[in-house]
Amino acid sequence: MVNFKGICRFYSPVCLDMRQFATHILFLLMILCLNAQPVFGNQADVVRSLVIKGNHTFSKEEIQNLMQTSVGKSFDADMLKKDSEKIARFLHNKGITYARVTESPKKFEDGVYISIEIDEGIIDTIILSGNTKTKDNVILRELLFQKGDIYVEADKKESERILRQKRYIGAAKIEPRWDAESETVAIHVTVTELFSITGAIDPGINNQSGYFLAQVREANIFGSGQAGQIRYERITEAGEKTRGLFTWKYRMPRLVNSHWNFDSEYVQKREGDSWRVLLERPQYTLKSRWSASFSTSELINEVRWYENGEKTDIFEQTLHKTSANISQYFGDRHHQNYLGFWFDSHQTTYLPIESIRVSEASPSNRNIKRVGITVGRRNVGFHQTRFLRGMGGEEDFLSGSQFSTSFGYASPLYGSERTEYYAILGVNGGFVNQNRFFGTALITLSTSFTNQIERSVLQARTALFFRDVFNTGDIYRVDTGFRENGLFDLQQTFVAQFKTEMQFGWRGESQVTLGAANGLRGYGLRQFNGEKMMVLSLESRTVCGGDFFRKMNDGLTTVATFFAKPFIKDRVVDLGLVLSATVFTDIGYIWDSYNTFDIKEVKPSVGFGLRGSVSQVSDAGIFRIELAFPLGPPLRSQIFYGVERAF
C-alpha cells in the first residue's frame, strides 16, 4: 500500500519549485500505478460473465437476486458455492423438491467465466397401480404433470386431491422417487378403486295396488370415468291406468379430453317431466385462471304449504331456469382474487292442486331475468382427514376464507317482468388446529329491491368438530381396511352444529319449516312453520373398529363374494362396512314477524342412533337409524331411518 502520509511530508511546498513540483507529480503517478493492482485485485480474478441455465420456473433475474457473486466483482470460490446452495434451498422451499444446482467457473487471462446449471428435476416415468377397471389415460389426464414436466410438490398434492374427488376412487397416493442413474424423477401413482356399479329392485305388489322399482347406477362406465343411471318405476292403482316412469342421468367429465364437463338428466314424475342440461368448465385446479358454466332446465315439483304442523295447500310448481357465468382468477394457489359476470333467468308458475283449508299461502308467478357481476377474494388451504363428513374415505377439509359480493340488475329490456335490483353477500371459511379441532362457518345474505327492500334471506351455519379425543388415529382406511388394535378400537368425535334461516318480505310467498327434515330430530318432518328458525345440535360420535367389527365386515364380505361370484370371478368383494354409534341433543326455535322470542317455545329433544356405510362402494351414502325423544309437546318418540350423503 502507498504511504500517503509520508509522501505528503516529503513533498512539502516550501522546498519545491515549479520544475521539481512537476517532476515529483509524475513520480507520484508512477507510484500509484505500480500500487494499483494490490488495491483493486488481479484482473484475472474478476468475474467477466455469469450464465444461468436450466431455470424454467423462475427468471434469471430472480435467481441472480439470491446471489452474492456478480459480474465485475472479484471471484470467490467459497462464495459461489454458498450461492449454489442458496439457490437449491430456495427451489426446494418452493416445492421443486429434486432441484440440483452445479457451478462451473473457468479462469482465463482476462477474468473468470461462470456457468450455473440448474436441474429442476424432470419427470421421466409415471407408473400406475391399483386401477383394475379404470383406464390408465382416465387417471393420467387428471394429473397436473406429465412426462417431461418439472416435478413440483404442490402439483402432486393437488393431483391427489383431484383423484380423491372422483366417485369411483376411494384413495389416491402419489410417490415421487429420484432415479440417480438417469438423474430424473420417477412417479408412482397408486389408487384404490371403489365398486362403481350399484342396483336396486323393489317388487312391492299387493292385490289393491302394484309398485315396482328397478334401478342401475354406474359411476365409472367401462372404466371411462363417465357416470349414468337408469331407473324404472311402475305404479298400478285400482281403476287407474298403469304408469311407467323413467329416470335417465348421464355425466361425461372431460368432454373430448378437454376440461369441460357435460351433465344431464331426464326424470318422469307423476306431476310431469323434468329435465336439466349442464355444460361447465370448473376451476379444476387452483392454477386455472378461468371457469365457466351454462345450464338450462325445466323442473316440475310439488310445493306443500304447512301451518301449525298441518298441510294446508299443494301447488304444482313449474320452473324454467337458464343461467350462465364466466369467472377470471388472479393470484396463486393459496391467495386469489376473482371477477365474474353472470346471467340468470327464472320463470316460475304455480298451479293450485289442492286446498285443504284456508291459509296464507299465495305464491306468485314470476319472470325475472338478471345480469350481474361478482367480485371476491379467497385464501385457500386443504387438510386431509377422515370421518368428518364421510365414513372411511379420504376427505379434503377446506380451510381458509372466502368473501364474495354479487350485484344483479333485472330489466324489461331483456325480457324481465319488471325492473329489479339484486345483491348477495357471502362469507365462509374453515380452520384446522393440530388435526383435532375443525371448524366451518358460512353466512349469506341475499336481497331484492326496487325503490325499497322487498325480499331478503339470511342463512348461516357453523360447525365445530373435536375429532379423535382419545388420540386413537385412523382406525379404518379405504386403502388399508381396519387396523389391528385389539378387540375394540374406538374413535370419538364431538360435533356442535348451528344453522339458521331468516326470511324477510316473503309472507305468503315462501315459508320456513322446522322439524326432523332440517335437523330437529324427535318432532314431525315439518311440524312447525314460520319465517325464521334456528337449530343447535350437539352430537357425540363413536366410530367402531377393532377385531370385533373387522370380523363383522369379513362375514359381510363372504356373503357379498358368494352372491357376486357368477358376475365377478376370482375377486373378493370387500364392502368395507363401517359403523358409528351416536348420542345427540337438538334444540330448535321458530318464529315470525308477529312474535318475539319466548324461551318457553324452544323445542328440545334427545336421542341415540346408529350410522354406517359400505365405504368400498361408490355413492353408497350413509344409512341412519335414530330414535329421538322430544322434550316438548307432543311427547311422542320418533324413529328415523334412511340414507343420506353426509355423516
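Residues take their numbers from the sequence shown, with the count starting at 1.
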Within 6.0 Å of CD1 in I230, more than 12 heavy atoms from elsewhere: no

Parallel, tilted or perpendicular: ring planes of F397 versus F465, cut at 30 and 60 degrees: perpendicular

Side-chain donor/acceptor of K321 to backbone N/O of L299, under 3.5 Å: no

4.5 Å side-chain heavy-atom contact, L286 and F382: yes

Within-4.5 Å side-chain heavy-atom neighbours: K173 and D479: no

Between CG on residue D124 and NZ on residue K147, distance to nearest 0.5 Å: 6.0 Å

Side-chain (E120) to main-chain (H56) donor-acceptor, under 3.5 angstrom: yes

Trace of the side chain to side chain donor-acceptor pair (under 3.5 Å) decision for E193 with T132: CA-CA 8 Å; E193 291 182 321; T132 57; 2.9 Å; yes

Sidechain-backbone polar pair: T440 side chain, T462 backbone, donor-acceptor under 3.5 Å: no

Residue R141 excluded, over 12 heavy atoms near CZ under 6.0 Å: yes

Residues that R389 engages under salt bridge (Lys or Arg N to Asp or Glu O under 4.0 Å), provided they are two or more places apart: none

Side chain to side chain, Q491 and Y476, heavy atoms closer than 4.5 Å: no

Approximate separation, where rounding is to 0.5 Å, of T57 OG1 and K94 NZ: 11.5 Å

D179 side chain to A186 backbone, donor-acceptor under 3.5 Å: no

Verdict with supporting geometry, Y168 and T134, side chain to side chain donor-acceptor pair (under 3.5 Å): CA-CA 9 Å; Y168 47 89; T134 309; 5.9 Å; no

By salt bridge (Lys or Arg N to Asp or Glu O under 4.0 Å) - contacts of E394 (at least two apart): R164, R386, R477

Value rounded to 0.5 Å, distance of CG in N220 from CZ in R167: 11.5 Å

Aromatic plane relationship, Y338 with Y329 - under 30° parallel, 30 to 60° tilted, over 60° perpendicular: tilted

Side-chain donor or acceptor of Q283 paired with backbone N/O of S288 under 3.5 Å: yes

Partner of R378 by side-chain contact (heavy atoms from CB on, under 4.5 Å), out of H334, H335, Q402: Q402

Between R231 and Q215, a side-chain donor and acceptor under 3.5 Å: yes

Cationic tip of R541 above F387 ring, under 6.0 Å, 45° of axis: no

Residues D344 and S323: side-chain donor-acceptor under 3.5 angstrom: no

Separation between CZ of R550 and OG1 of T557, rounded to the nearest 0.5 Å: 11.0 Å

Approximate separation, where rounding is to 0.5 Å, of E298 CD and W275 CH2: 6.5 Å

Flag, side chain of N553 to backbone of L577, donor-acceptor distance under 3.5 Å: yes

Exam field: side chain E539 to backbone T582, donor-acceptor pair closer than 3.5 Å: no

S196 versus S618, side-chain donor and acceptor atoms under 3.5 Å: no

For E501, salt bridge (Lys or Arg N to Asp or Glu O under 4.0 Å) partners two or more places apart: none

Side-chain donor-acceptor pair present, E175, T190, cut-off under 3.5 Å: no

Closest heavy-atom pair and its distance - V185, P176: CG1-CB, 4.2 Å

Ring geometry between F488 and F549 (parallel below 30°, tilted from 30 to 60°, perpendicular above 60°): perpendicular

Pair listing, salt bridge (charged side-chain N to carboxylate O under 4.0 Å, His left out) test, anchored in residues 331-342, at least two apart: D155-R333, E158-R333

Side chain proximity check, V375 to N337, heavy atoms < 4.5 angstrom: no

Which residues share a salt bridge (Lys or Arg N to Asp or Glu O under 4.0 Å) with R467, sequence neighbours left out: D474

F438 side chain near V495 side chain, heavy-atom distance below 4.5 Å: no

Separation of F145 CZ from L140 CG (nearest 0.5 Å): 9.0 Å

Worked verdict on E153 versus K156 for salt bridge (Lys or Arg N to Asp or Glu O under 4.0 Å): CA-CA 5 Å; E153 186 71 13; K156 169 224 169 185; 3.5 Å; yes

Side chains of N433 and F466 in contact at under 4.5 Å (non-hydrogen atoms): no

Residue pairs passing the salt bridge (charged side-chain N to carboxylate O under 4.0 Å, His left out) test where at least one lies in residues 218-227, sequence neighbours excluded: K133-E218

Residue pair I150 / I96, side-chain heavy-atom distance below 4.5 Å: yes

Side-chain H-bond candidate by donor/acceptor type, S540 with Q492, under 3.5 Å: yes

Member of K249, R645, R251 meeting the salt bridge (charged side-chain N to carboxylate O under 4.0 Å, His left out) criterion with D619: R645

